Amino acid sequence: MPRAVSDGGEGMDTDVASRTSSHRRMDSVQHGHGYKVGVPPKKNLFAELSDAVKETFFADDPLRQYKDLPKSKKVWLGLQHVFPVLDWSRNYSLGKFKGDLIAGLTIASLCIPQDIGYSKLANLPPQVGLYSSFVPPLIYAVMGSSRDIAIGPVAVVSLLLGTLLQNEIDPKTHPLEYSRLAFTATFFAGVTQAALGFFRLGFIIEFLSHAAIIGFMAGAAITIALQQLKGFLGIANFTKKTDIVSVMESVWENVHHGWNWQTILIGASFLAFLLVAKYIGKKNKKLFWVSAIAPLISVIISTFFVYITRADKHGVAIVKNIKKGINPPSASLIYFTGPYLATGFRIGAIAGMIGLTEAIAIGRTFAAFKDYQIDGNKEMVALGTMNIVGSMTSCYVATGSFSRSAVNYMAGCKTALSNVVMAIVVMLTLLLITPLFKYTPNAILSSIIISAVLGLIDYESAYLIWKVDKLDFLACLGAFFGVVFSSVEYGLLIAVAISLAKILLQVTRPRTALLGNLPRTNIYRNIEQYPDATKIPGVLIVRVDSAIYFTNSNYVKERILRWLRDEEEQQQEQKLSKIEFLIVELSPVIDIDTSGIHALEELLKALEKRKIQLVLANPGPTVIQKLRSAKFTDLIGEDKIFLTVGDAVKKFAPKVVDNV
């Protein structure tokens, strides 16, 4: 093993060397009261690849619970992992069932009118929305790990599907082909979700930053609300475009002859009722049920009103017939061949990713409230499986609904059985009472959707993003305007692009800082953060705050040299002592590649021309190992590598240290 360097460049004591080499095989030495940089034993290629795969795909060590267990126990744990219902059902009690029953009935009263409205948003028959709150929740109750999430159609995914699907097939002229493509997209949404979970690729959805999601959701909420103006105002000929300019032009063109005052009266009255109910539920948590049952009450009253007054004869558009009966099979309708196969895959993959992002965020939020953990990859498999099965039973993409999940949580749900209760209520609705929705006015569905999506506009989070990080706010704003002024797919594309651009900017232009000594200490910190920190005469200390890769290695080198030039100019003006040592603090540098090492070599050559010595402080295990392998430690000299900046300054500027 190469020997470590002592503080004063002296030879290493033999006894110390032997103790060091036997202690965890680390090439480190204690000399006096100081320690030198340790070098971990070099791993072979297989070990390095194994560690990299484990940290990337199995960071949570999912197999640890199977260690030292008999085969039968391992099989049972494996079944519990795939079907969490086998775990929580063992301790299920009557008290828990009471909570799940109340919660299930409550979210059922909310989901039925929402599902009918969301299916219209997706340009699908109203019964398809109800189908999607029957089968998928049953699958999720068996396979999902969240106790609080409520499954069903959601506004954003419905709008996304409706927009993308109608670009391919007109739902009015070719309703069967449109439904087939919707089921195909749902199938591939499920395949995408399940594959991401099975192959443990859930980290991919993290590329949508929180700020971009806030902006995207707010933009989608505005777009959805604008789309509801067709039903809210009673406009028959409405634009198929979703951007705000086209929608407002369509609204204005119909202002004299297209608006129906009876429809507006119904819509405005019940929208006001829904918003008041929502306000009451928000102000008094005990009255959450008021906002939960308000949509169903609105549907019942408005339907009865239209029926007795026959307002449908005076231009009030109604739902008309909703097909009675539970989900018919639809596996034969999915496009497994032909030109629509690729289209279905593309639309499904996009919808699946958005559905995943929303569901995982909701699941984690409520899991944090109740202090339990959910497995993101397991959730993806559960969501994917339910959408695959759903596509074969006439459902479209279902995911976690924030409004329903919030009601589910406040209603006191204990397990995923609340989804089963909701599904049973939806099933009974499909079997028994769908004909009663015949006279439900479209205006009330528009009011319910507008009321629901207003909660997606999180202006408080947007303001916080503005205060904390202006670049994050730019991502939020870009996603918002992309959805509102263009379309949902372009808004999503902008959200992803800005999120990736931010990552690339941080990777290619990492921060560097000039360090100074805090008075009366041996601590060195950023002089911008700590104005009292003083520079060391004859020594320039720079910290690199990122890994050094091919994407930023040249920038890091140039930035360090710029720090040096600025400091030299300042010293010439103030007639201070010439810089003799450049100390690079490498604590934040978690990794370095060959381009990074080459940049350090070029930096060393540039400094040698100026007769300045390069010193490294506290390189991490990966960095020091690679520097050793590349022989850079021989090039710079072992006596120029220190554990801390303080040790380096003590060696090369001892008089300054003595005066501290």
Side-chain angles (χ1 to χ4, degrees), residues 108 111-142 151-155 157-162 164-166 168-172 174-194 319-336 338 340-341 343-345 347-348 351-352 355 382-399 401 419-420 422-435 437-438 445:
C111 86
I112 291 170
Q114 281 188 348
D115 290 346
I116 296 172
Y118 291 159
S119 62
K120 284 188 170 292
L121 201 58
N123 300 313
L124 289 165
Q127 65 269 14
V128 175
L130 294 171
Y131 294 160
S132 304
S133 280
F134 172 42
V135 173
L138 294 176
I139 304 297
Y140 183 84
V142 174
I151 297 297
V154 296
V157 175
S158 299
L159 173 69
L160 183 67
L161 273 180
L164 296 178
L165 292 173
Q166 75 175 359
E168 306 296 331
I169 300 174
D170 191 326
K172 291 184 178 179
H174 301 91
L176 178 60
E177 288 78 5
Y178 184 89
S179 295
R180 290 187 66 184
L181 187 57
F183 298 147
T184 305
T186 302
F187 175 81
F188 284 112
V191 169
T192 301
Q193 293 170 333
V319 172
K320 297 181 181 177
N321 294 323
I322 298 179
K323 189 176 179 181
K324 195 175 180 181
I326 59 172
N327 309 36
S330 58
S332 61
L333 299 178
I334 297 173
Y335 288 112
F336 289 113
Y340 288 124
L341 173 64
T343 303
F345 176 79
I347 296 173
L383 292 165
T385 304
M386 77 178 192
N387 277 316
I388 291 172
V389 175
S391 70
M392 299 179 182
T393 52
S394 301
C395 304
Y396 75 100
V397 181
T399 187
S401 164
N419 277 290
V420 177
M422 178 191 72
I424 292 172
V425 174
V426 172
M427 178 192 71
L428 294 174
T429 302
L430 284 165
L431 288 172
L432 303 174
I433 64 173
T434 49
F437 292 106
K438 178 179 179 180
L445 300 178

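Every value quoted in this text rests on a predicted model; they were computed, and no experiment measured them.
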When rounded to the nearest 0.5 angstrom, what is the spacing between [atom1] in [X] and [atom2] in [Y]?
X: Met386; Y: Leu138; atom1: CE; atom2: CG; value: 11.0 Å
X: Glu177; Y: Leu333; atom1: CD; atom2: CG; value: 10.5 Å
X: Cys111; Y: Phe134; atom1: SG; atom2: CZ; value: 12.0 Å
X: Thr385; Y: Ile139; atom1: OG1; atom2: CD1; value: 8.0 Å
X: Phe187; Y: Asn387; atom1: CZ; atom2: CG; value: 11.0 Å
X: Thr434; Y: Leu428; atom1: OG1; atom2: CG; value: 11.5 Å

Side-chain donor/acceptor of [X] to backbone N/O of [Y], under 3.5 Å:
X: Ser132; Y: Pro153; result: no
X: Ser394; Y: Asn327; result: no
X: Ser330; Y: Thr393; result: yes
X: Asn419; Y: Ile151; result: yes

Margin query: Is there a side-chain contact between Val128 and Ser179 in this structure, where contact means two heavy atoms from C-beta onward sitting under 4.5 Å apart?
Written below: no
Notebook entry, point to check: Would Tyr340 and Ile169 count as a side chain to side chain contact (heavy atoms under 4.5 Å, CB included) if you check the C-alpha gap in whole Å, the side-chain angles of each, and the deciding distance to 0.1 Å?
Noted result: CA-CA 10 Å; Tyr340 288 124; Ile169 300 174; 3.6 Å; yes
Nearest heavy atoms of [X] and [Y], plus distance in Å:
X: Tyr178; Y: Gln166; value: CE1-N, 3.7 Å
X: Ala189; Y: Val397; value: CB-CG2, 3.9 Å
X: Lys324; Y: Leu430; value: CG-O, 3.4 Å
X: Tyr335; Y: Leu341; value: O-CD1, 3.2 Å
X: Asn123; Y: Gly162; value: ND2-O, 3.4 Å
X: Thr429; Y: Phe437; value: CG2-CE1, 3.8 Å

Next item on the list: For the residue pair Tyr396 and Ser158, confirm or rule out a side-chain donor-acceptor distance under 3.5 Å.
Entry: yes
